[in-house]
Amino acid sequence: MELKSCSNDIVIFFLNSQTDIGPDCCHAIDIITCNYWPAMLTSLGFTVEEGNILRDYYNASSAPSLGGLTVIYQPQKDLGSFCFSSTSQFSVNKCKKSAVSKKIVSVMAPQQSERRPATTGSVKNAMTLTEKIFSRASEKPQLSPGDNVWVNVDILMTHDVCGPGSFGIFKKEFGENAKVWDREKIVIIPDHYIFTSDERANRNVDILRDFCMEQNIKYFYDIKDLGNFKANPDYKGVCHIALAQEGHCRPGEVLLGTDSHTCTAGAFGQFATGIGNTDAGFVLGTGKVLLKVPPTLRFVLDGEMPDYLLAKDLILQIIGEISVAGATYKSMEFVGTTVERLSMEERMTLCNMVVEAGGKNGVVPADGTTFKYLEDKTSLPYEPVYSDEKASFLSEYRFDISKLEPLVAKPHSPDNRALARECKDVKIDRVYIGSCTGGKTEDFLAAAKVFLASGKKVKVPTFLVPATQKVWMDVYTLPVPGSGGKTCSQIFEEAGCDTPASPSCGCFLILLLCNISTYPLYHNTTKVCVSTTNRNFPGRMGHKEGQIYLASPYTAAASALTGYVTDPREFLE
C-alpha cells in the first residue's frame, strides 16, 4: 500500500501481520483486531474523533481490504519510548521523534476491495490422523500440535461414577430446566457401582435414570434388578466395551468419556479420550470442548506375532520402553503388519492402556477389519481419515514382534516391565481375568485355550469377570476352538476356576463398597495377584501393600495353573 505525505503520522492498522507502509512513514504496527482499542487509546490521553479523511492519506485505488479500522493521528511529541505493554495485544515500533497532540484526526472503516488470490497458490501441510480428526471437528483446514481449538463432539459417554457430578455442573451453569445439546449423542452406561448393597452407591444409578428421563436420552443402558443382571435386557456392563458392541465407535469421529480408559475407542480410528466432570457438563450443554492438538508418537509393529503373545504383551512392551510419562499429552498411533493382523478386540487392548503411558489418545487406522466389525453395529455414515505420507511425528518407535517374549508389569507401575519367565519364582495367591482391558470375549477364549491345553486344575483362586452381558453370554455359548465343542464356562469349571461373575467394572475398581461375600478377591490382607487389568498401583486391588502383576490372559491362566508367575509357553508349545 502506498501512502501520501504523512511522514510524521502513525498509522495503526487492525491487522494480524506486519506491513511496510512506505519509507516516509513508520512501519505498520502488528496489532490483533480487538473491540476495546478506543478505550485503550483514551486511557493513554488521546482524544478519538470520527472523520472521513482516510482518502487524504493513501491512494484509495491501491488500498487493500484491511478487515478492521484505521486510526491516524499527528505525532506532536517524542515517541522514542512510546509503546504499548508487551503483554497487551498492541505493539508499536519506534517512530520518528516529534511532538504529538493527543487528538485522533481520523477513525474510519477502510474501503473494502476484492481479495485477490495468493500468487503462490494453496499451501497445505501434511497432518497426522489425530490432527485430521481435530481439523474436521474444529472446522479448520489446517492444524498443528499445540493449537487450541474448539472441537465439535460426536459422542459423549458418562457412567454412574461421574454422571451425577457432570449433570450437576450442567444444571448449575446452564439452568435447572436446560436441555442437552443433542439427546442422541449422549451415551450413559452404569457399570461401576452396580452389584453392591450400599444404598448411596445405588443412588448414583437412580440419578442417571432421573436425568435420562428428564432429558429423553436415547442411549441409556439401565439396570433396575441388581440381584439378577440377566433380568435387565438394557444393561450392558463395562462402558468401554459396551460402546464398541453397541455401535457408538466410528472412524474419524470424536468420542469423549468421563473415564480415563475412554481411549480404548481409538482402536476404531477415532479420537477418544477421557475428560473430567466440568468439561462433560459443558459438553452436555454445547456439544463442544476446548482441546489442544497433541503431537503424535508413531509405533510401527512389524513381524508375525507368535502364538503365545497377545496385544497385552505388545502394550506392556511399549510402556516399558517409553515409561508411564513417555507419552504425556501425546497421541500414540499404532501401525505395521502386526497391528494390521490384530482383531478389533486386540486393538482395543492396545489402545486401552495408552493412558498408562500418559497418552492423550491412542489410535489404530481404520481398515477392512474395522469396517467388517461395524457392519452390524451401526448404520450411521462415517468417514475414516489417515495420516499423510509426509506427516510429521514427534518420534517413531519400531518393534520386531516376532522376537518378543511374554511380559508382565511388576508392582507397582505399568512400566515396570519384565519377562514372565524371569518372575517364575514369584509365588502368587490369586488370579483375576476381567476389566475393560482383559475381560472381552477373546480374552476368555485365550484363557480357556491355556486351561484346555494343560488339562490341569488351577492352584490358586481364579476369578473371572466378563466385561459385558454379551461377553458373559459368549463365555457360556461360544465353543472354544479345538475343544470338541466345549464352551469357556465348561473349561473354566473343569479347571476349578470361580464361576464367572456378573459383568461390571466394580471388581476392577476395588471400592470398599464391594460386597466381600460376593467378591472374595478383595480381602483386606496382603496378597499377590496376576491380573489382566491395566493398573497395579498400591491399593488398586485391595491392600495397599498387595502386589499386582499385570499380564495377558495367556500368562494369567498359566500362572493360575502353577501358583507362580508363569510363561504361557509352558503350556502352549
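The structure displayed is predicted, hence computed values, not measured ones.
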*Asn416 side chain to Ser413 main-chain N or O, any donor-acceptor pair under 3.5 Å?*
no

*Under 6.0 Å between the ring centres of Phe463 and Tyr432?*
no

*asked:* Would the distance check show the side chain of Arg183 and the main-chain N or O of Cys212 forming a donor-acceptor pair, the cut-off being under 3.5 Å?
replied: no

*Closest heavy-atom contact between Thr378 and Gly247?*
CB-O, 3.6 Å

*Angle class for the Phe167/Phe211 ring planes (parallel below 30°, perpendicular above 60°, tilted otherwise)?*
parallel

_Electrostatic pair Lys390:Asp388 at N-O distance under 4.0 angstrom_ = no

*Answer yes or no: does atom NZ of Lys179 have more than 12 heavy-atom neighbours from other residues, nucleotides or ligands under 6.0 Å?*
yes

*Would you sort out whether Phe268 and Tyr373 count as a side-chain contact (heavy atoms from CB on, under 4.5 Å), showing the intermediate values?*
CA-CA 10 Å; Phe268 291 84; Tyr373 182 93; 3.5 Å; yes

*Calculate, to the nearest 0.5 Å, the distance between atoms CG and CD1 belonging to Asn202 and Ile207 respectively.*
11.5 Å

_Side chains of Leu309 and Pro406, heavy atoms from C-beta outward: is any pair under 4.5 Å?_
yes

*How far apart are the C-alpha atoms of Asn352 and Cys263, what are their side-chain angles, what is the distance that settles it, and do they pass the side-chain contact (heavy atoms from CB on, under 4.5 Å) test?*
CA-CA 6 Å; Asn352 173 270; Cys263 52; 5.6 Å; no

_Min side-chain heavy-atom separation Phe134-Val254 under 4.5 Å_ = no

*How long is the span from the CG atom in Leu572 to the OG1 atom in Thr555, to the nearest 0.5 Å?*
9.0 Å

*asked:* Can you tell whether the side chains of Asp307 and Lys449 come within less than 4.0 Å, N to carboxylate O?
replied: no

*To the nearest 0.5 Å, tell me how far Asp279 CG sits from Leu156 CG.*
10.0 Å

*asked:* I need the Leu316 CG to Asn534 CG distance, nearest 0.5 Å.
replied: 10.0 Å

*Do the side chains of Ile188 and Met157 get nearer than 4.5 Å, heavy atoms only?*
no

*Below 4.5 Å, heavy atoms only, C-beta onward: do Thr487 and Val475 meet side chain to side chain?*
no

*Does a side chain donor of either Thr130 or Glu333 reach within less than 3.5 Å of an acceptor in the other side chain?*
no

*Are the aromatic rings of Tyr554 and Tyr308 close, with centres under 6.0 Å apart?*
no

_Ser483 (side chain) donor-acceptor with Pro479 (main chain) under 3.5 angstrom_ = no

*Is the backbone of Cys239 close enough, under 3.5 Å, to the side chain of Asp191 for a donor and an acceptor to pair up by distance?*
yes

*Given side-chain hydrogen bond (donor to acceptor under 3.5 Å, both in side chains), test Asp415 with Ser323 step by step and report yes or no.*
CA-CA 5 Å; Asp415 64 359; Ser323 85; 4.7 Å; no

*Does a salt bridge link Arg347 with Glu340, judged by any charged N lying under 4.0 Å from a carboxylate O?*
no

*Would a 4.5 Å heavy-atom cut-off, applied to side chains only, mark Phe271 and Glu253 as touching?*
no

*asked:* Determine whether Ile186 and Tyr219 satisfy the following criterion, side-chain contact (heavy atoms from CB on, under 4.5 Å), listing intermediate values before the conclusion.
replied: CA-CA 7 Å; Ile186 297 167; Tyr219 299 109; over 6 Å; no

*Run through Arg535, Lys312, Arg417 and flag the one making a salt bridge (Lys or Arg N to Asp or Glu O under 4.0 Å) with Glu356.*
Arg535

*asked:* Evaluate Arg136 against Asp154 for salt bridge (Lys or Arg N to Asp or Glu O under 4.0 Å), listing each step before the verdict.
replied: CA-CA 11 Å; Arg136 178 198 67 82; Asp154 294 295; 2.8 Å; yes

*Tell me, do Leu407 and Leu404 make a side-chain contact under 4.5 Å, heavy atoms counted?*
yes

*Decide, yes or no, whether a salt bridge links Glu375 with Lys377 under the criterion of side-chain N to carboxylate O below 4.0 Å.*
no

*N/O donor-acceptor pair under 3.5 Å between Asp474 side chain and Thr441 backbone*: no

*asked:* Just to verify, what does Thr328 make a side-chain hydrogen bond (donor to acceptor under 3.5 Å, both in side chains) with, not counting sequence neighbours?
replied: none

_Minimum heavy-atom distance Thr258-Ser166, with the two atoms named_ = CG2-OG, 3.9 Å

_If you apply the rule salt bridge (Lys or Arg N to Asp or Glu O under 4.0 Å), what do you find for Lys140 with Glu131, and how did you get there?_
CA-CA 10 Å; Lys140 293 183 179 295; Glu131 290 162 11; over 6 Å; no

*asked:* Can you confirm whether Ile155 sits close enough to Leu256 that some side-chain heavy atom of one is under 4.5 Å from a side-chain heavy atom of the other?
replied: no

*Measure the CG-SG distance between Asp259 and Cys436 for me, rounded to the nearest 0.5 Å.*
7.0 Å

*With the threshold set at 4.0 Å, does a side-chain nitrogen-carboxylate oxygen contact exist between Asp147 and Lys292?*
no

_Asn536 vs Ser531, test: side-chain hydrogen bond (donor to acceptor under 3.5 Å, both in side chains). Steps then yes/no._
CA-CA 9 Å; Asn536 57 351; Ser531 174; over 6 Å; no

_Closest approach of Gly281 to Phe174 (non-hydrogen atoms, all atoms of both residues)_ = O-CE1, 3.6 Å

*Indicate yes or no: does Glu383 engage Arg250 in a salt bridge with an N to O separation below 4.0 Å.*
no

*Assess whether side-chain contact (heavy atoms from CB on, under 4.5 Å) is satisfied between Gln270 and Val363, documenting all intermediate values.*
CA-CA 7 Å; Gln270 64 182 143; Val363 66; over 6 Å; no

_Minimal non-hydrogen separation, Thr338 against Asp302, with atom names_ = OG1-C, 3.1 Å

*Inter- and intrachain pairs under ring-ring contact (aromatic ring centres under 6.0 Å, His included), touching residues 314-337, at least two apart*: Phe299-Phe334

_Criterion side-chain hydrogen bond (donor to acceptor under 3.5 Å, both in side chains) on Glu442 and Ser343, from CA distance to verdict_ = CA-CA 9 Å; Glu442 292 178 11; Ser343 67; 2.6 Å; yes

*Nearest heavy atoms of Ala311 and Met305, plus distance in Å*: N-CE, 4.5 Å

*Quick one: do Thr533 and Ser435 satisfy side-chain hydrogen bond (donor to acceptor under 3.5 Å, both in side chains)? Show the steps, please.*
CA-CA 6 Å; Thr533 57; Ser435 84; 5.4 Å; no

_Glu304 atom CD: more than 12 heavy-atom contacts under 6.0 Å_ = no

_Asn361 versus Ser331, side-chain donor and acceptor atoms under 3.5 Å_ = yes

*Rounded to the nearest 0.5 Å, how far does OG of Ser387 lie from CG of Leu129?*
5.0 Å

*State whether the number of non-hydrogen atoms from other residues, nucleotides or ligands found under 6.0 Å of Asp376 atom CG is greater than 12.*
yes

*asked:* If you define the side chain from C-beta out and look only at heavy atoms, does anything of Met127 sit under 4.5 Å from Lys132?
replied: yes

*Where is the tightest heavy-atom contact between Tyr235 and Pro503, given as atom of each residue plus distance?*
OH-O, 2.5 Å

